[in-house]
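First comes the structure, then the notes that go with it.
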Amino acid sequence: MASTSQIEINFNAIENNIEFLKSQFKEGVIISAVIKGNAYGHGTDIMVPSLERVGVNHFSLYSSPEAKIALEYKKSGSTILIMGFVYPEDYEWVIANNIEFYIYEISVLEYAISIAKKTNKKAIVHLDIETGMNRTGLSLNDLKKVIKIILKNREYLIIKGVTSHLAGAESIANNSRVTKQLATFKKRVKLLNNNEIKPEITHIACSAAAINYPNSQFDLIRTGILVYGYWPTKETFINFIHKYKTREDKLRRIMRWKTTVMSIKKVKEGEFVGYGLGYQAQKNIIIMIIPVGYANGYSRSLSNNGHVLVKESRAQIIGTVNMNMTICDITEIPNIKIGDEVVLIGRQGENEISFASFAEMNNSLNYEILARLPDNIDRVLA
Ligand SMILES: *Cc1c(COP(=O)(O)O)cnc(C)c1O
C-alpha cells in the first residue's frame, strides 16, 4: 500500500554532495554523516546504505532507537555514535553492539563502567566537553574527576574520542564565542593528553564550522545538513562563494517530495473555497485537490500562501492547508488531469520549490521542516 505522497531520494545527488564535502574538508578527515531525526527526514533505511556506497562509514545520531535502525541497515564495518541521551537500561544493548556514545555527565561514565564490568565488554566512549555552549558536556571540574575515574578503570573503557559542540558557527555574529570555545577545547584535550589519556579522534565541527572555521576540522566532522544538499545558513553559503570566487551552488538537494492530483473542480466567482471564509473566488476559477495536509508534515502556515508545481508550473495554495488535503488554484495552467504528478518540494522541469523558499514562507528553518517530515511517507531511492 502506498502513502499519499512520496519522498524521492536521488542517489546521484548524494554522491555529488559527498564529493563536494571531500573537496572542502582536509585530507583524511573522517566524515560522520549526522542521521538524527530519521536522517533529517530523508529516511535512515535509505540514507545509510546509500552513504556507505559513496564511502561514508561513520554515522552520528541521538538515541538508542535511532541507533537500532541504523544498526539494522549499516554494514558491519561502519561506526554508530550516539551524541545524546540513552536510558540506563539501554546501555547494555549499546555496549554489546559496539555502539559508541558520549560521556556528558560523570554519572553516565560510572554507569558505563558498571555495565562493562558486569558484561565483560568494553564501553567505547567519547568525552563530551563543555566549552561554552552551556548545554551538555563535562566542566573542567567534572573532567578532572573523570580523568581519575578513567585511570582507575582503563580495562573497561576505550576512550575513542573527545568532543564538543560549537554554539553558532553558522554566523559571524558568534565569532568571539566560537573562537573562545575552540581555545578552551584545545586546552581540555591537552589536559587529557597530559594525563596519558589520548583519544584517537578529536572532533568539534558541524557543517557550518567545517566551512567557516576550517581549523575546527580536527580528525572528524559531524556533518548533517550539507549531506542533504542544504547550506546551514545563507551566510555560510555567501561566505563560501566569496572565498572561492564562484556563484555556483555545488550542493544538490537530494530530496524530492511529490504527490498526485486527486480531484479537479470549477468554482464560480464569489464562492468560498474550503473551510470557512478563508478564500473567496474573485472570478471563475479551476482548482485541484492534493492528498497532503498537515498530518503529512505539510505546514499549515502555507495556507493561502505556498505553491506547488504541476505541469512544470507554479500553482498557488488557496484556503487553509487541511489535515489531509490541500487546494490549489490551477486556472492558468492548462491540461491538468487527475493522477498528474504534483511536486511539493524539489524540481519539476525547469521550476523548483526550494526548501529555502518554503522555509521563508514558513518562518522556520530547513532543519525543522526536514526533521518534521513524518516517518510514514514512503521513501524511494531514485
Ligand atoms: C545536529 C548536530 C550536528 C550536525 O549539524 P549540521 O549543522 O547539520 O551539520 C553536529 N553535531 C551535533 C552535536 C549535532 O547535534
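The basis for the numbers below is simple: all heavy atoms, side chains too, and nothing from hydrogens, waters or symmetry mates. As the structure lists them, so they are numbered: ligands from 1, and atoms in each ligand from 1.
In this structure, Phe85 and Tyr87 have perpendicular ring planes: the angle between them is above 60°, well past the 30° mark. Between His126 and His203, the angle of the ring planes goes over 60°, which puts this pair in the perpendicular group of the 30/60° scheme.
Looking at Thr202, Thr184, Thr136, Thr131 one by one, the single match for side chain to side chain donor-acceptor pair (under 3.5 Å) with Ser164 turns out to be Thr131.
Within 4.0 Å of ligand 1, heavy atoms belong to protein residues Val34, Lys36, Tyr40, Tyr62, Met83, His165, Cys206, Ser207, Arg222, Thr223, Gly224, Ile225, Tyr367.
Counting heavy atoms from C-beta on, the side chains of Asn304 and Ile318 come closer than 4.5 Å. Counting heavy atoms from C-beta on, the side chains of Val86 and Phe101 never come closer than 4.5 Å. Contact check for Pro214 versus Lys26: no side-chain heavy atoms found under the 4.5 Å cut-off.
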